[in-house]
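Accompanying notes for the structure given below.
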Protein chains: 2
Amino acid sequence: MTISDVARAAGVSPATVSRVLNGVGTVAPELADRVRKAAADTRYVPNSNGRALRRRVSDVWAVIVSDVQNPFFTGVVAAIERVAVDRGFSVVLCNSDEQVARESEYLRLAAAQHLAGLVIAVASEVESDLRTAADIPAVVIDRRVHDHLGDSVMVDNRLAGRLAADHLLEQGFRRIACITGPSDVSTTEDRLAGFRARLSEAGAPIARKWIRRANLRAEGGEAALRAILRGGDLPDAVFATNGPLTEGAYQALQAEGIAIGAEVGLIGVDDDHWTRMVAPQVSVVQQPVAEIGRLAGELLANRAARGPGPAQQIVLTPTLLARGSTRGH
Amino acid sequence: MTISDVARAAGVSPATVSRVLNGVGTVAPELADRVRKAAADTRYVPNSNGRALRRRVSDVWAVIVSDVQNPFFTGVVAAIERVAVDRGFSVVLCNSDEQVARESEYLRLAAAQHLAGLVIAVASEVESDLRTAADIPAVVIDRRVHDHLGDSVMVDNRLAGRLAADHLLEQGFRRIACITGPSDVSTTEDRLAGFRARLSEAGAPIARKWIRRANLRAEGGEAALRAILRGGDLPDAVFATNGPLTEGAYQALQAEGIAIGAEVGLIGVDDDHWTRMVAPQVSVVQQPVAEIGRLAGELLANRAARGPGPAQQIVLTPTLLARGSTRGH
DNA sequence: GCTTGATGAGAAATCGATTTCTGGAGGCTA
DNA sequence: TAGCCTCCAGAAATCGATTTCTCATCAAGC
């Protein structure tokens, strides 16, 4: 079913059908009615490849995230969608699953389709390469990318680390471990950096053996915590630098029968629902999830509307939520 | 940067560039090298609108789900992606957010782009209309749709309800409530139906006032449980028919200081991580998440490869996971 | 030495929509 | 009534890739 079929059915030219359906130019009301009727009767769906080819742009945004199963990202995506729907865009979500190769494939796809915009949380600060999609407006969120100078919405992750350290120190913890991600993920890396810096300042530098890197899934966090336990020397508190890692750390402590809070304190990042459902509740550094998504969406919409111009780099502030898992030492 | 630019740079015709990059036909090795070099030098990304227009099909699948924030769906999507990547397809995820209008928009988009395939969990059994995308191979998952006869992967949800009922009866519960979703969502509706049927058979029919419908988010489950509490007459157990509803019910019970298991039993659906992290752990009817996604992906790949043929309707079996939240009555 | 066939690569048609170009009909002014 | 606009709608060009058509070249076979 093409525009020519509709044109034939309505007894007009394809040009007229296009004009009616897009509301551009002037068409006699009577003809317009005939066209609309024909389009409805034939269940005509315009081929967006033809349209995008001619128009040279689509009305779809892609959001590429590194882990669709992480509630932080789905929360951000939901907020982006709200803005997009509001401005008449559609959003498709792509999951790179922390793999640079899959990310590149999605970037290629976005560029090849000449999408209207792109929001991306990269898989790797050093290896990710956004040049493939350099032609379409992009907003980088959550994680920094090597030499990207465009719009971005980030959180002050060094501060996040400092907040966690401050809190643990205040609560009297001193023998502190950290479970964090690969060194090419800027978020977890910055949180570790801020955390370390604060502990060093306080004269309680973190022991090298107590810094554990893991892949950014619950399994990674769990394995890392078990590795710490196997070391024999038990820390009195643990900082996990993202949501899934926190979850994994919690599960390992629980499985080993260690009293969270009393024996070993635990503080995490990202306020997923479960943190308030367990006992004791888990202290976390919270990121402004909805705000990140909203701002990313608005930045993208503005960039698309206003064209090139000075890049905006927004940095938001995290918040400490102190709870039972870091009390009772 | 178009194929003609590359052709000019390599000193050949566009046809030759196309042949080289797609590996079809025969091209002299020397020319081929020149083309490949020119394509690399110019960072040429083929316009997929032009390509899809001519080829009449793309290599992208869309997965439309009703709630990206529900771990059940993201789990299924991750499994579909594994199959897709394996077969050389890309997957984009679309979130209808339980809204038929947004779902239609995504269906229109999928049809307009002539995507290679579609996997969908509909927003409404009665209102969702897949005819818009009738031209592309589709697999329906999770929820039934009014008069859809194509491929599908479902779970025996009446059995899921019966398993929950059986277990509660066995544990000695008799005054039982149910928190479920809108009546046009077949999954929660079937679970309720199976649950009711089993309780009636056992001579302990569920009281009408103890059947609460809620929107399918944690807030909905929480509100529904509070409504039951406000009724004054406390049930001795509650069945929540999906993941977020279970979460909400748990939160409400906990907030009200009701001892889960001892005072009020709780059984849910979907084995999200938190169910094993809380105390007591929550009993659930588990769906084979990865299996659903894998089968949906394979069904779609086969359909695309083999063309029309008899539809396959796969029904999987849920499993009961009995835990502390339904003990101790 | 001439015919036949295979091979390689450019020219041109094609996909389906949008947009520019073009021309006819009708209204207005001088 | 001639001349000029304006308005409307069809014809045709265009977007960028793929694929069919066409033709030139060269080798093999008789």
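Heavy atoms only: backbone and side chains are in, while hydrogens, waters and symmetry mates are out. Residue numbers begin at 1 in each chain, while the letters A, B, ... track the order of the sequences.
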Could you pull out every donor-acceptor pair under 3.5 Å between side chains of residues 14-21 of chain A and any protein atom, sequence neighbours left out?
from	atom 1	to	atom 2	distance (Å)
A:Thr16	OG1	A:Ser13	OG	3.3
A:Ser18	OG	A:Asn22	ND2	3.4

TODO: Taking salt bridge (charged side-chain N to carboxylate O under 4.0 Å, His left out) as the test, write out the residues that go with B:Arg51, two or more places apart.
DONE: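 B:Arg51 satisfies salt bridge (charged side-chain N to carboxylate O under 4.0 Å, His left out) with no residue once adjacent residues are dropped.
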
Open item on the list: Could you work out how much the helix from C:dG1-D:dC30 to C:dA30-D:dT1 bends, comparing the axis of its first five pairs with that of its last five, to 10°?
Closed with: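 That helix gives 60° between its end axes.
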
Please enumerate all residues that pass side-chain contact (heavy atoms from CB on, under 4.5 Å) together with [X], with sequence neighbours excluded.
X	result
A:Gln99	A:Asp97, A:Arg102
B:Asp151	B:Val139, B:Leu299, B:Arg303, B:Ala311, B:Gln312
A:Ala78	A:Arg82, B:Gln69
A:Asp5	A:Met1, A:Thr2, A:Arg8

Open item on the list: Among residues 105-116 of chain B, which ones have heavy-atom contacts with DNA chain C below 4.0 Å?
Closed with: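 Those residues: none at all.
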
Task: Within residues 42-56 of chain B, residues whose heavy atoms come under 4.0 Å of DNA chain C - done: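 Contacting residues: B:Leu53, B:Arg54, B:Arg56.
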
Task: Any pair counted as ring pair (Phe, Tyr, Trp, His ring centres under 6.0 Å), so long as it reaches residues 18-72 of chain B, sequence neighbours left out - done: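 Every ring pair (Phe, Tyr, Trp, His ring centres under 6.0 Å) pair that includes a residue of residues 18-72 of chain B, provided the two are not neighbours, is B:Trp61-B:Phe89.
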
Open item on the list: Check whether B:Asn95 reaches the backbone of B:Val68 with its side chain - one donor and one acceptor, N or O, closer than 3.5 Å.
Closed with: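 Between the backbone of B:Val68 and the side chain of B:Asn95 there is a qualifying donor-acceptor contact (under 3.5 Å).
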
TODO: Could you run through nucleotides 7-12 of chain D and give me one letter per nucleotide, 5' to 3': B if any protein heavy atom sits under 4.0 Å from the base, S if only the sugar-phosphate is that close, - if neither?
DONE: -SBBB-

Task: Per-nucleotide protein contact string for nucleotides 22-27 of chain D (B base, S sugar-phosphate only, - none; heavy atom under 4.0 Å) - done: ------

- [ ] Can you tell me the distance, in whole Å, between the CG atom of B:Leu21 and the P atom of D:dT18?
- [x]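 The answer, rounded to whole Å, is 8 Å.
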
